[in-house]
Protein chains: 2
Amino acid sequence: MKEYERLFTEYLEARSQRLTQPRRLILEAVFSLHDHFDVEQLYHRLRIHNEEVSRATIYRTLPLLVESGLIQHSLRQADRDFYEHILGHPQHLHWICRKCGTVVETSLDMVLPLINKVASQQRFQIEDYQLNLRGLCWKCADNENENQ
Amino acid sequence: MKEYERLFTEYLEARSQRLTQPRRLILEAVFSLHDHFDVEQLYHRLRIHNEEVSRATIYRTLPLLVESGLIQHSLRQADRDFYEHILGHPQHLHWICRKCGTVVETSLDMVLPLINKVASQQRFQIEDYQLNLRGLCWKCADNENENQ
DNA sequence: CAATAAAGTGAGATTGATTCTCAATAAAGG
DNA sequence: CCTTTATTGAGAATCAATCTCACTTTATTG
Ligand SMILES: [Mn+2]
Ligand SMILES: [Mn+2]
Ligand SMILES: [Zn+2]
Ligand SMILES: [Zn+2]
């Protein structure tokens, strides 16, 4: 049994909830993706593999995965919420191009200790890191200059 | 003439746009607020002062203020976009309590040089800083423990 | 293996922030 | 004034996210 299955089961059982078939399918899909995803992408990913789960169930399951610490809501783009699994993934910065939508990740190693220090100083329990920089990637910046 | 008026006028004129009465009212309201605000708050702020501007115009003006560098879209909370004016305000971190909604700001002085360095390395033009940490403030964390 | 209770699901309706449309109005420049 | 161009307001439209509720799974018990 994979670790994320064990953790999710534990989380659910502690609250008298069940690891049902739809939830298991969503969990597997989430960990099969290695990129940021939104509900629509997850929905189609499941359909492609003939694993039909309703959108409503996806919308209901994502908060459970967030609460259990397996995924994180880390971006908002094009009026949609994007998630990514975080189990085993170090926190990072997101560089989001407002024009082409590309998302680049860079290390937070230099910064995380400082952030955690501030957190403990004010006794703040961090649940989600949303450390996002929006602007123009170099390609799109070059294009804007060309076309004035 | 205040600096933000001058800057906004310059921005508009460079694009053959006009500093109209509604836009001027919105601009003044934005700089009269010293906190994060959303469209609804701005709308009511204006109404209170008998300065009626339609929501549509507010929604149309905010992107202009963002583009001109006077304000920033820095938070999303309770399904709403929140802005704050940034002219003369140093960038900062946001600590957002998911339970009571409180937003605390802390300095970015230690971190900003590192971020800017990474930005120039990858030639990324930053337009908005959305450096947000979500979780529980100490008060809400204490409450959760009390009530198990 | 039923039978029962509790938790979960899917389809479709609903909500609500944001965007769009378009006729009417305001600003700029002669 | 007059003309041109930009802007506005009211209400309709959009669409991600949430909610409702009858039906289905799952777990438990005898
Ligand atoms: Mn990421
Ligand atoms: Mn702020
Ligand atoms: Zn780009
Ligand atoms: Zn709180």
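- Among residues two or more places apart in sequence or in another chain, the ring-ring contact (aromatic ring centres under 6.0 Å, His included) test is passed with A/F124 by B/W95.
- Distance A/R60 CZ to C/dT9 P: 7 Å, rounded to the nearest Å.
- A straight line from CD of A/E13 to C1' of C/dA7 spans 14 Å, rounded to a whole angstrom.
- Nucleic acid contact class of B/D38 (heavy atoms, under 4.0 Å, all strands): none.
- In this structure, A/I58 and B/Y59 both approach DNA chain C, and ranking their closest nucleotides by distance from the 5' end singles out A/I58.
- Under 4.0 Å is where a charged nitrogen must lie from a carboxylate oxygen, and between B/E51 and B/R47 no such pair does.
- Under the 30°/60° scheme for interplanar angles, the aromatic rings of A/H92 and A/H94 are found to stand perpendicular.
- With respect to the salt-bridge test (charged N to carboxylate O, under 4.0 angstrom), the residues B/R45 and B/E28 do not qualify.
- The separation between B/Q77 atom CD and C/dA17 atom P is 14 Å, rounded to whole Å.
- The stretch residues 17-32 of chain B touches DNA chain D through B/Q17, B/R18, B/T20, B/P22, B/R23, each having a heavy atom within less than 4.0 Å of the strand.
- Residues satisfying the ring-ring contact (aromatic ring centres under 6.0 Å, His included) criterion with B/H89, sequence neighbours excluded, are B/H85.
- The pair B/D128-A/R98 does not count as a salt bridge, with every side-chain nitrogen at least 4.0 angstrom from each carboxylate oxygen.
- A/D81 meets the side-chain hydrogen bond (donor to acceptor under 3.5 Å, both in side chains) test with A/H73, A/R76; sequence neighbours excluded.
- The interatomic distance linking A/L64 (CG) with C/dA7 (P) rounds to 14 Å, in whole Å.
- C/dA11 atom C1' lies 13 Å from atom CD of A/E52, rounded to whole Å.
- Taking side-chain N and O atoms only, A/T57 has a distance below 4.0 Å to OP1 or OP2 of C/dG10.
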Give the intermediate values and the outcome of side-chain hydrogen bond (donor to acceptor under 3.5 Å, both in side chains) for residues B/R55 and B/Y59. CA-CA 6 Å; B/R55 266 177 259 257; B/Y59 274 109; over 6 Å; no

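- A salt bridge links A/R15 and A/E67; the closest N-O separation between the charged side-chain nitrogens and carboxylate oxygens is under 4.0 Å.
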Please evaluate residues B/Q72 and B/E127 with respect to the criterion side-chain hydrogen bond (donor to acceptor under 3.5 Å, both in side chains), reporting the C-alpha separation (whole Å), side-chain torsions for both, the decisive distance (0.1 Å), and the verdict. CA-CA 8 Å; B/Q72 172 179 265; B/E127 293 172 353; over 6 Å; no

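- Mapping heavy-atom proximity under 4.0 Å, the span of DNA chain D touched by chain A runs 5' to 3' from D/dA16 to D/dA27.
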As a check on the pairing definition, encode DNA chain D in dot-bracket form, counting Watson-Crick and G-U wobble pairs whose two distances are under 3.5 Å, and using | for partners outside this strand. ||||||||||||||||||||||||||||||

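- B/L136 is not connected to A/Y11 by any chain of hydrophobic side-chain contacts under 4.5 Å among Ile, Leu, Val, Met, Phe, Trp and Tyr, and they are in different clusters.
- Put simply, CZ on A/R55 is 12 Å from C1' on C/dG12, counting in whole angstrom units.
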